[in-house]
Undergrad: 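Let me give you the structure first, and then I'll get to my questions.
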Amino acid sequence: AVLWFTGGAVKKLVIDLADAGNTTGYIETGRLIVGDYWSPDYNADYGLQLGYMDASEHTRNEAGDLMTDIRPRSKSLSFGLRDATPADRKKLMRILRGNGMPGPIFISVFPGDADQDKEQDYQLYGKLSQLSALTLARFESYTSSITIDEI
C-alpha cells in the first residue's frame, strides 16, 4: 500500500492501520518510509531501465545435471532526467549532497498510477550506485542520470 500526501512540519506521526475484513487479526508491514519528497517538473526520460540482478550460480555435477546455487536477487532502476528546471536542480543537489551513496532513498517513477502493478514494479528503496554529474545542458536546463540499487 502506498499513500502520497502533502507534508508539513511535524514532531510526531501516528498511523492507525485497520482492516475490518482481515480474519488473521494482524497486519504485517515490511517498511514504513516517511519523509520529504520531490517530484520533478518533467518526467524521467524514455529509456527507463528496470532490471534484476541475480547472484545465483550454475554448475554441472559429474552426471551432467545443471545445478543452481541460489543466491540473493535484487532490483536496479536507471533513468535520466532531461530538461530539469533550476528548482529541480536545487532539489536534486540537496538529495545528492545529503544522501550521497550511503544514504537510502525511495523512488517511485509512476506514483499514484492507475495500474498498481506498474506503480509497484517501478518503485525502489535503495542506494545510489554512483554519484552522477549534473550537467548544465543549456540556459536554465539541466540533465542528470540516476541509477539506484535495491537494499
Undergrad: Quick one: pull up CG in L81 and OG in S144 and give me the separation to the nearest 0.5 Å.
TA: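 Reported to 0.5 Å precision, the distance equals 6.5 Å.
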Undergrad: Start with the C-alpha gap between I107 and L77, add the side-chain angles, then the distance that decides, and say whether side chain to side chain contact (heavy atoms under 4.5 Å, CB included) holds.
TA: CA-CA 9 Å; I107 291 183; L77 185 62; 4.0 Å; yes
Undergrad: Do the side chain of E119 and the main chain of P111 share a donor and acceptor less than 3.5 angstrom apart?
TA: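 Checking the backbone N and O of P111 against the side chain of E119, no donor-acceptor pair under 3.5 Å is found.
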Undergrad: Taking all heavy atoms of S108 and all of Q123, pick out the closest pair and write down the distance.
TA: OG-CG, 3.5 Å
Undergrad: Transitively linked via ILVMFWY side-chain contacts under 4.5 Å: Y46 with L50?
TA: no
Undergrad: Counting N and O atoms only, with roles assigned by atom type, does the side chain of K75 sit under 3.5 Å from a partner on the main chain of Y125, one being a donor and the other an acceptor?
TA: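 No, because the side chain of K75 does not come within donor-acceptor range (under 3.5 Å) of the backbone of Y125.
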Undergrad: Look at atom CG of N43 and say whether more than 12 heavy atoms of other residues, nucleotides or ligands are closer to it than 6.0 Å.
TA: no
Undergrad: In this structure, would M93 and F79 fall into the same cluster of hydrophobic residues linked by side-chain contacts under 4.5 Å?
TA: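 Yes, because M93 and F79 connect within a single hydrophobic cluster, where side-chain heavy atoms sit under 4.5 Å apart.
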Undergrad: Evaluate whether atom CD1 of I70 has more than 12 neighbouring non-hydrogen atoms of other residues, nucleotides or ligands under 6.0 angstrom away.
TA: no
Undergrad: How far apart are the C-alpha atoms of D69 and T59, what are their side-chain angles, what is the distance that settles it, and do they pass the side chain to side chain contact (heavy atoms under 4.5 Å, CB included) test?
TA: CA-CA 8 Å; D69 182 12; T59 56; over 6 Å; no
Undergrad: Calculate, to the nearest 0.5 Å, the distance between atoms CD1 and CG belonging to I148 and L124 respectively.
TA: 5.0 Å
Undergrad: Is a side-chain N or O of D113 found less than 3.5 angstrom from the main chain of Q116, in a donor-acceptor match?
TA: no
Undergrad: When rounded to the nearest 0.5 angstrom, what distance separates OG1 in T147 from CG in L128?
TA: 8.5 Å
Undergrad: Rounded at 0.5 Å granularity, tell me how far CZ in F110 sits from NZ in K118.
TA: 4.5 Å
Undergrad: Can you name the nearest heavy-atom pair linking R71 to S56, along with the distance?
TA: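 Heavy-atom minimum between the residues: N-OG, 3.0 Å.
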Undergrad: Between atom CD1 of I146 and atom CG of L48, what is the distance when rounded to the nearest 0.5 Å?
TA: 11.0 Å
Undergrad: Indicate the atoms forming the closest heavy-atom contact of I151 with P104, along with that distance.
TA: CD1-CB, 3.5 Å
Undergrad: Search all heavy atoms of V14 against all heavy atoms of K12 and return the closest pair with its distance.
TA: CG2-CE, 3.7 Å
Undergrad: Would you say that more than 12 heavy atoms from the other residues, nucleotides or ligands in this model lie under 6.0 Å from the OH of Y52, or not?
TA: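 Result for OH/Y52: enclosed.
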Undergrad: Taking all non-hydrogen atoms of both residues, which atom of S76 and which atom of M53 are closest, and how far apart?
TA: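 The pair with the smallest heavy-atom distance is CB-CE, 3.9 Å.
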Undergrad: Within the side chain of D88, is there an N or O that forms a donor-acceptor pair under 3.5 Å with the backbone of D41?
TA: yes
Undergrad: Hey, could you give me the CG/OG distance between L136 and S141, rounded to the nearest 0.5 Å?
TA: 8.0 Å
Undergrad: For Y142, does the six-membered ring have the charged nitrogen or CZ of R89 within the cation-pi criterion, i.e. under 6.0 angstrom from the centroid and within 45° of the normal?
TA: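 Because its charged atom sits under 6.0 Å from the ring centre and within 45° of the axis, R89 does stack over Y142.
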Undergrad: What heavy-atom pair brings K127 and P102 nearest, and what distance separates the two atoms?
TA: CE-O, 3.2 Å
